[in-house]
Amino acid sequence: MVINMNDIINNKQDSKEGDYLLVIDGSSLLSTQFFGNLPKEIMFAKTMEEKEKYFPKIMQTATGVYTNAVYGFLRVLLKIIKDQKPTYLAVAWDISRNTFRREIYPDYKGNRGETLEPLKDQFKLCQHVLKEMGIVQFMDERYEADDFSGTLCQKFEEEVPIRVMTKDNDYLQLITERTNLWLIHSTAKKTDELYEKYGLSKKELNVPDRTFLFTPELVEKEFGIEPSSVPSLKGIGGDSSDNIKGVPGVGEATAVALIKEYKTVENLYEILNNLDETGKKEINEYWKTLGIKRTPINALLKISDTELVGEKAAILSKTLATIKKDIDLKDLGLEQLRIHINTENAQKCFNELEFKTIKMDNAEVEDSSINNLRFEADKIKITSNLEEVETLFSNLIKLWEKNQKKLKKTKKSRNDKSDSKITIKEIKKPEYASEDAVGIKLIMENKSLVGISVYYGSEASFIIPCEGFITPDFLTSKLNGLLEKKITLAIFDIKKYLPYLNANEESPCFDVTIAGYLLEPDASTYEYQTIAEKYLELDLPSEKEVFSGQTYASLSLLDQDQYKKAACYESYVAHHIYPVLLKLLSERGLLPLFAGIEMPLVYTLYDMEQRGIRVDTNGLKDYSDQLGVSIVELEKQIFELVGVEFNINSPKQLGEILFQRLGLSYGKKTKTGYSTSAEVLEKLSSEHPVIKLILQYRQLTKLKSTYADGLVSYVEGDGRIHGTFNQTIAATGRLSSTEPNLQNIPIRMELGRKIRKVFIPEDGYLFLDADYSQIELRLLAHMSNDARLIEAYRQAQDIHRLTASEVFHTPFDEVTSAQRSNAKAVNFGIVYGISSFSLGQDLDITRKEAEEYINKYFMTYPGVKTYLDGLIEEGKETGVVKTLYGRIRPVPNLTNSNFMKRSAEERIAMNSPIQGTAADIMKLAMIHVNQVLKERKLKSRLLLQIHDELLVETHESEVEEVAKIMKEEMQQAASLSVPLEVEVANGNNWYEAK
DNA sequence: CACGTCACG
DNA sequence: ACGTACGTGACGTGT
């Protein structure tokens, strides 16, 4: 049977979305981006002098040209071109205040302050860049951006639908069925609230971030008036931003109510001017029914020769607020606005402006070069014939060898450029072939191998189901044969297949999933579909999509064509992606980390999972029963106290009981109701005796469901739990543990801690537990190179006490335990990327006091301050922060205009290098410990890693030797400017060994 | 399937 | 202008 590869690789569908014209109010967008990308010190500063102090912190080029606004503008623009895909584009600018409106009203926009110095020149700069990019722009001394926008709308809306992007709401008047508005808000929250209010999905509407899509209907719903009434509304109510006064004495609410009723200024005065005294009284009464409180009729009818009041003011204000739609644009045609970005010029500008994180190719504005992968008409052979399979493999090996010879001839030796500051101790590690790998997929069903798919170019691509003479063992031996020939195999998630793949640390196995993870550690998945799309620009159906609809539980996987497809896709992508990822890893300095840490670690983790950890199932059941008894008792008492039975586990019901039935004072609220978190409840514990019981109940049910009962279900036939360690989840480089999570077994509370007694070693064995002492703070000392912190650790001082002594101005020996524990919180806070707000909350002190602590801390350890600031700087410049071993963490939001997002990213930038380096070091230690144990043929085995702790099951006869190995390997995993301390303990269960 | 809550480093 | 600590995973509830 032969499958044509064209049937398998579906072409990317050219989803033809509707053409439309996008008109951007450039001045609006540039100024919002300017303010959004200012350092927060400037936002907080009150006086101009204070603001100026921080101008040097604004993004600028090496020569001191401010670029923050232009940067933001371009990012937004390119993102829109990519995501919202406009067909035509025009940008309109305000370039002068001397517009025709000033001729009729000299105070027009008279209330505007001076533009901030750093923004001034960016208008011209931005216009220059757009010009270079080939984007059509409109600007003129006499007209404003809105007049050009209005004119463009008028001219083209019959030809093509239009979107106008601005932050000024006087543009609302331009809205029609054909012309919609993207109104820019300063915060995402505002827009989200609006979308929620009207039950709209941002995603479906496909709108840019922080903009709300206004249609005529939505204008009507939100403001109660039609778009065309907007100038009249401003005619009455005025517009403070443009210094349009409206009718003096009439406020905004009244103006809205009047325009809602009369639509235009003219209609309103038509009636008002023809009223007699009784008519005025009647209309006053009528207006009251419209919700108009203070009667504005006198103000509306006021007449004066000297002042601008009443109708005269209304008419003038309306005129000023009316957008001009008939500027003569000569013979401008729509086609002249079609987007054709001159990418070369654009990239040149970006380089000049030193925008390293904006690349033209982000925008996908050009037709991405036709993907040659799509046109391969490769053939996949499916066979379970022994003879055929043998031939396929031997042909594959011949082909490989031929290709390698070719490659070696043309290839210059690759320099693994690495900027990691520490060399990785020599261990066994794989050597990968240049640019060429065999893509392999092992097809599993119920944890057994049912076949493999191999992809190696058109001449050696096949699927082999396990049938007849083709056994799992046979396939294992064939794959092994490839590895012995040093043939590089590219596979997704190798650890999953190690039962059938006899690979070890030195095998040239390239785990595509892990490579994807190192290149982009905060991605959500690394499935073939995602990887193919990201790096090969190839659109494949995901495994899920392939399977959807037609799976037959009764049939074995490989009897179903769609399973074959998915297997083919995966080996196909693995093969094609190898040279791409290898190059990227090399370019980004990630190869030493990949080959020296992550790949060898795969086998260590596999060993740990295979070994599993023994559990005293009876002990676990007893523990569960005891908890059960206490829970029932607590339940009874709680129901008695509140006088009604309810589900205590339901935050909804509990909230209603506590805060409505019992009337307790609620603190926080969540999206869905009252918060009943432990934090909130603890503050209430004096208000009602039931609170303490509820907290106890929570504690016990958690222990019973998650730990006691939860763990029992994971114990396998051998009396052990074989959990999974995930290597590609945590964005910092840490491991994660699932099914079950063995990294969050209780320890902080005694009751929970007791559960550790059921984790027991094999008969004749003991547990050895080793943990790094304060590894993150020590790394902070090393990485910041702060003299004082380093000295303190070299002298083995109590770091929390030292910090307390300095921060609280107390002699070292007189530091109280409360001071020490506060200082400890500060130390932690620093590692997490501190904010005074949160530290204050944590310590229950004011924000100001917390800020004092932080300031004192930074005065004590000035190197730390410099280091942390440097991390943010580095992140802004390069888009990533790095660990000592070169592991990267993207931090794209350091320039986000949303304060919250930006601040969160700053904390990430400060924390990730530290947390990540600790993870790197621990991983190295694990590989070493595992390797030494095996080399020395010891019976002891590594079982668990809990971030800074290792648990080993040690044979009684080996305790001392293994304790020494652990301590030494962990301490020597990295050589830093401060010592790494490791504490080792042993015991007959996990409780004792800690 | 999202959310709230809580367990760990 | 925003209302937060960094990094995880499992459970129960309620849509």
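Naming: A, B, ... by sequence-line order, numbering from 1 per chain. Below, each value reflects all heavy atoms present in this structure, side chains not excepted, and no hydrogens, waters or symmetry copies.
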Would you mind classifying the nucleic acid contact of [X] as base, sugar-phosphate or nothing, using non-hydrogen atoms under 4.0 angstrom?
| X | result |
| --- | --- |
| A:Arg889 | sugar-phosphate |
| A:Thr676 | sugar-phosphate |
| A:Gly829 | base |
| A:Ile914 | nothing |
| A:Ala678 | sugar-phosphate |
| A:Ala825 | base |

- prompt: Does A:Arg748 get its side chain close enough to the base of B:dG9, under 3.5 Å, for a donor-acceptor pair?
  reply: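 Checked by distance alone, the answer is yes.
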query: With a 3.5 Å cut-off and just heavy-atom distances, do the side chain of A:Gln915 and the base of C:dC6 make a donor-acceptor pair?
result: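 Answer yes: a donor N or O sits under 3.5 Å from an acceptor.
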message: Taking the ring of A:Phe646 and the ring of A:Phe639, is the distance between their centroids below 6.0 Å?
response: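 When the ring centroids of A:Phe639 and A:Phe646 are compared, they turn out to be within the sub-6.0 Å range.
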[N] [atom2] sits how many Å from [X] [atom1], rounded?
| X | N | atom1 | atom2 | result |
| --- | --- | --- | --- | --- |
| A:Leu868 | C:dA5 | CG | P | 19 Å |
| A:Tyr517 | C:dG7 | OH | P | 12 Å |
| A:Leu703 | B:dT5 | CG | C1' | 14 Å |
| A:Gln743 | C:dG7 | CD | P | 16 Å |
| A:Asp769 | B:dG9 | CG | C1' | 13 Å |
| A:Leu951 | B:dC8 | CG | C1' | 15 Å |
| A:Ile775 | B:dC8 | CD1 | P | 21 Å |
| A:Asp842 | C:dC6 | CG | P | 12 Å |

message: I need the minimum non-hydrogen distance between A:Pro746 and A:Leu703, along with the two atoms involved.
response: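 Heavy-atom minimum between the residues: CG-CD2, 3.7 Å.
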message: Taking C:dA5 as the reference, what is the distance to B:dT5 when you measure between their P atoms (whole Å, please)?
response: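 It works out to 13 Å between them.
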- prompt: What integer number of Å spans the C1' atoms of C:dA1 and B:dC6?
  reply: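 Nearest-Å result for C:dA1 against B:dC6 at atom C1': 32 Å.
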field: Qualifying residues under side chain to side chain donor-acceptor pair (under 3.5 Å), relative to A:Thr115, sequence neighbours excluded
entry: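 Side chain to side chain donor-acceptor pair (under 3.5 Å) check on A:Thr115 returns nothing, list empty.
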- prompt: Starting at the 5' end of DNA chain C, which residue's closest nucleotide do you reach first, A:Ala904 or A:Met900?
  reply: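 Its nearest nucleotide lies further toward 5', so the answer is A:Met900.
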- request: Verify the neighbour count for atom CZ of A:Phe858: are there more than 12 heavy atoms of other residues, nucleotides or ligands below 6.0 Å?
  value: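 Result for CZ/A:Phe858: enclosed.
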field: Enclosure of A:Glu204 CD (heavy-atom neighbours >12, cutoff 6.0 Å)
entry: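 No, CD of A:Glu204 has 12 or fewer neighbouring heavy atoms, counting only those of other groups under 6.0 Å.
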What nucleotide, of [options], holds the atom closest to the side chain of [X]?
| X | options | answer |
| --- | --- | --- |
| A:Arg907 | B:dC8, C:dC6, B:dC6 | C:dC6 |
| A:Arg734 | C:dT4, C:dA5, B:dG9 | B:dG9 |
| A:Gln699 | C:dG3, B:dC8, B:dA7 | B:dA7 |
| A:Thr672 | C:dG7, B:dG9, B:dG4 | B:dG4 |

Between [X] and [Y], do the side chains contain an N or O donor and an N or O acceptor separated by less than 3.5 Å?
| X | Y | result |
| --- | --- | --- |
| A:Tyr71 | A:Gln33 | no |
| A:Thr166 | A:Ser28 | yes |
| A:Glu598 | A:Gln727 | yes |
| A:Ser737 | A:Gln743 | no |
| A:Tyr793 | A:Gln774 | yes |
| A:Asn37 | A:Ser897 | no |

statement: Note, DNA chain C 5' to 3' with Watson-Crick or G-U pairs under 3.5 Å encoded as ( ), [ ], | and . gives .....|||||||||.
query: How does protein contact run along nucleotides 8-15 of chain C, one letter per nucleotide 5' to 3', with B for base contact, S for sugar-phosphate only, - for none, heavy atoms under 4.0 Å?
result: SBBSSSSS
